[in-house]
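Everything on this sheet refers to the single structure shown next.
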Amino acid sequence: MEYKQVLRGYYDTENKVKAIDILSDQPYFIEDRPDMKQRIERAINFKQLLAVYQRGTRNGFKYIDQGDFTKEVIPKVELTKPVTMINKPDDFIISDLKWKYLVRCINKGKNLMFVGPAGTGKTQVVFKAAEALEREIFYFNLGSTQDVRSAIIGNTYFKDGTYFEESAFVTAIKTPNSVILLDEISRANPEAWNILMPVLDANIRKLRLDEKENSPVIDVADGVSFISTANIGFEYTAARMLDRALVDRFSIIEMDTLDKDQEMKLLSLKFGSKLDPKVNEALCDISFKIRMECERENSKLSSILSTRTLIEAAEMSIDDFSIDEIAELIFYPQYSDDGGTDSERIYVRQLVQKYIQKGNKEDLFTDDDFRSLDNYDV
């Protein structure tokens with residue numbers, strides 16, 4: 001017999017009768033159904049389940065022993081790998097807990113938003129997770145999207161009649177178990193947010209193709225997860241304040257800013273022996289001191305050096321750029337020179353000076369320099 005619902009009853013903390021449909025793992029609401037409340041309470045008292053099946057035009061009900069139902073009725077389902085079996089990538093640093101939660105959200109087709117400073121690996125970690133789970137991933141940079149309706153819905157062309165071409169986004173949402181990465185959602189045009197609202201809503205998951213004849217509605221395929229990234233912070237003037245209704249459609253994870261030891265470990269993982277350890281130490285110490293200054297009240301600096309910038313600096317060192325050349329090319333331009341000798345750029349220049357190599361790499365630090373790395377005054 002095929003059951004529409006199989007209800008497991010229980011008493012909540014206020015001793016009220018409640019039930020869960022164990023076929024869908026969803027709550028079954030019985031507040032307005034006194035007949036069902038009585039049936040479920042009887043099932044609780046006799047340690048049974050209440051099965052609901054179609055009987056003609058009406059529902060039929062049957063009490064089932066819990067043990068028998070588990071053994072004889074519930075089909076065995078092929079499960080995906082447990083979250084704990086999906087290993088973190090070797091060349092990326094993220095906490096075990098946040099990695100586990102990201103993998104879990106993708107496994108269950110849920111929405112997740114990574115927030116944090118630019119260059120901390122928010123985008124990269126989503127690609128890493130999709131690869132680890134062997135999921136197809138579709139990437140959309142909402143921050144650079146100009147024609148929102150064309151990018152999300154599609155285009156109508158007029159040549160020998162009317163022709164509608166669906167967007168890549170429509171293709172993505174129709175692909176089961178895919179990962180859809182909505183990058184830089186904080187920089188998106190508000191029109192994009194409005195179009196995405198019903199797509200991201202767990203109770204709707206639909207997209208109306210307004211540009212197509214008869215405006216058909218497309219359902220989001222099973223298992224699709226939407227992962228977005230947002231640059232959040234006072235320094236991100238191009239990032240719009242996110243609509244609360246949009247944010248509520250996601251679970252939120254704050255992307256950690258790596259500390260000095262973690263940054264040194266990351267550079268070592270990525271570049272190994274190709275990166276001189278003294279250069280590694282110097283670059284990460286500069287990054288750390290800048291971050292410490294940014295966290296001070298009345299800070300002289302408005303932004304940190306991102307992990308992305310630090311990785312680029314390490315690559316440049318391997319390609320035989322000195323620290324002063326690296327700083328000149330990719331550190332200083334990030335800081336304003338307004339204010340003359342009191343400018344952010346002058347402050348960073350003074351900070352970097354002690355690390356500038358005057359001779360061979362072996363001379364980058366003296367023993368006294370290594371002992372003084374814990375002194376974080378400029």
Side-chain angles (χ1 to χ4, degrees), residues 1-86 96-113 133 135 173 176-177 179 197-206 217 219-227 244-253:
M1 180 180 295
E2 183 176 349
Y3 297 123
K4 295 170 58 178
Q5 295 162 320
V6 177
L7 306 178
R8 174 180 286 122
Y10 65 95
Y11 293 105
D12 69 8
T13 56
E14 297 178 354
N15 210 34
K16 294 180 179 179
V17 176
K18 297 291 180 67
I20 293 175
D21 178 8
I22 61 177
L23 293 183
S24 64
D25 287 328
Q26 297 295 319
Y28 180 82
F29 298 100
I30 59 175
E31 285 76 5
D32 300 324
R33 295 286 305 276
D35 58 325
M36 289 300 293
K37 182 177 178 180
Q38 292 174 4
R39 292 187 180 99
I40 291 170
E41 191 160 22
R42 178 192 184 281
I44 294 172
N45 293 334
F46 285 92
K47 294 182 171 53
Q48 293 177 316
L49 304 172
L50 177 63
V52 183
Y53 60 92
Q54 192 72 40
R55 186 175 62 187
T57 59
R58 306 183 63 171
N59 288 335
F61 303 94
K62 180 180 179 182
Y63 294 99
I64 304 173
D65 180 77
Q66 294 186 23
D68 291 343
F69 178 78
T70 301
K71 294 175 183 177
E72 298 176 10
V73 180
I74 295 179
K76 292 184 178 180
V77 178
E78 286 287 331
L79 298 175
T80 57
K81 284 184 179 181
V83 170
T84 52
M85 291 181 62
I86 308 298
D96 291 342
L97 181 61
K98 292 181 180 180
W99 173 258
K100 179 179 178 180
Y101 189 54
L102 169 60
V103 169
R104 177 256 186 189
C105 286
I106 293 176
N107 251 341
K108 290 183 171 290
K110 293 182 176 291
N111 303 340
L112 182 65
M113 180 186 293
L133 289 165
R135 300 292 186 94
I173 67 173
N177 300 313
V179 177
M197 288 287 191
V199 179
L200 298 169
D201 192 311
N203 297 314
I204 302 177
R205 304 266 287 182
K206 296 178 184 295
V217 174
D219 290 324
V220 177
D222 292 339
V224 172
S225 60
F226 294 93
I227 313 296
R244 183 65 198 178
L246 180 74
V247 175
D248 282 346
R249 283 161 168 75
F250 294 91
S251 297
I252 308 294
I253 285 187

Applying side-chain contact (heavy atoms from CB on, under 4.5 Å), can you list everything that pairs with Asp248, at least two apart in sequence or on another chain? Arg244
Within a 6.0 Å radius of atom CG on Asp222, are there more than 12 heavy atoms belonging to other residues, nucleotides or ligands? no
Rounded to the nearest 0.5 Å, the CG atom of Leu7 sits from the CD atom of Gln48 at a distance of 13.0 Å
Show the numbers, then the answer: is there a side chain to side chain contact (heavy atoms under 4.5 Å, CB included) between Tyr101 and Lys98? CA-CA 5 Å; Tyr101 189 54; Lys98 292 181 180 180; 5.6 Å; no
Nearest heavy atoms of Met36 and Tyr28, plus distance in Å: CE-OH, 3.6 Å
Ignoring hydrogens and angles, write down the donor-acceptor pairs under 3.5 Å from the side chains of residues 12-21, residues two or more places apart or on other chains.
unit_1 : atom_1 : unit_2 : atom_2 : d
Asp12  : OD1    : Glu14  : N      : 2.8
Asp12  : OD1    : Asn15  : N      : 3.0
Asp12  : OD1    : Lys16  : N      : 2.8
Asp12  : OD2    : Lys18  : NZ     : 3.1
Glu14  : OE1    : Lys16  : NZ     : 3.4
Asp21  : OD1    : Val6   : N      : 3.2
Asp21  : OD1    : Leu23  : N      : 3.1
Asp21  : OD2    : Ser24  : OG     : 3.2

With side chains defined as the heavy atoms from C-beta onward, is the minimum distance between Glu41 and Tyr11 less than 4.5 Å? yes
Working to the nearest 0.5 Å, report the span between CG of Leu200 and CG of Leu246. 6.5 Å
Tell me if a side-chain donor or acceptor on Arg42 pairs with a main-chain N or O of Tyr63 at a distance below 3.5 Å. no
Under the side chain to side chain contact (heavy atoms under 4.5 Å, CB included) rule, what do Val224 and Arg205 come out as? Steps first, then yes or no, please. CA-CA 10 Å; Val224 172; Arg205 304 266 287 182; 3.9 Å; yes
Leu49 versus Ala43, closest heavy-atom pair with distance: C-CB, 4.4 Å
Separation between CD1 of Ile40 and CZ of Phe61, rounded to the nearest 0.5 Å: 9.0 Å
What I'd like to find out is whether the side chain of Gln54 reaches to under 4.5 Å of the side chain of Glu2, using heavy atoms alone. no
State the CH2-CD1 distance between Trp99 and Ile253, to the nearest 0.5 angstrom. 11.0 Å
pair Asn107-Arg135: side-chain heavy atoms closer than 4.5 Å: yes
Minimal non-hydrogen separation, Lys110 against Ser225, with atom names: O-CB, 3.2 Å
Looking at every non-hydrogen atom in both residues, tell me the closest pair between Asn59 and Lys4 and how far apart they are. OD1-NZ, 2.8 Å
To the nearest 0.5 Å, what is the distance between CG (Leu102) and CG (Leu133)? 8.0 Å
Starting at CZ of Arg33, measure out to CZ of Arg39 and round the result to the nearest 0.5 Å. 7.0 Å
Do the side chain of Asn111 and the main chain of Arg249 share a donor and acceptor less than 3.5 angstrom apart? yes
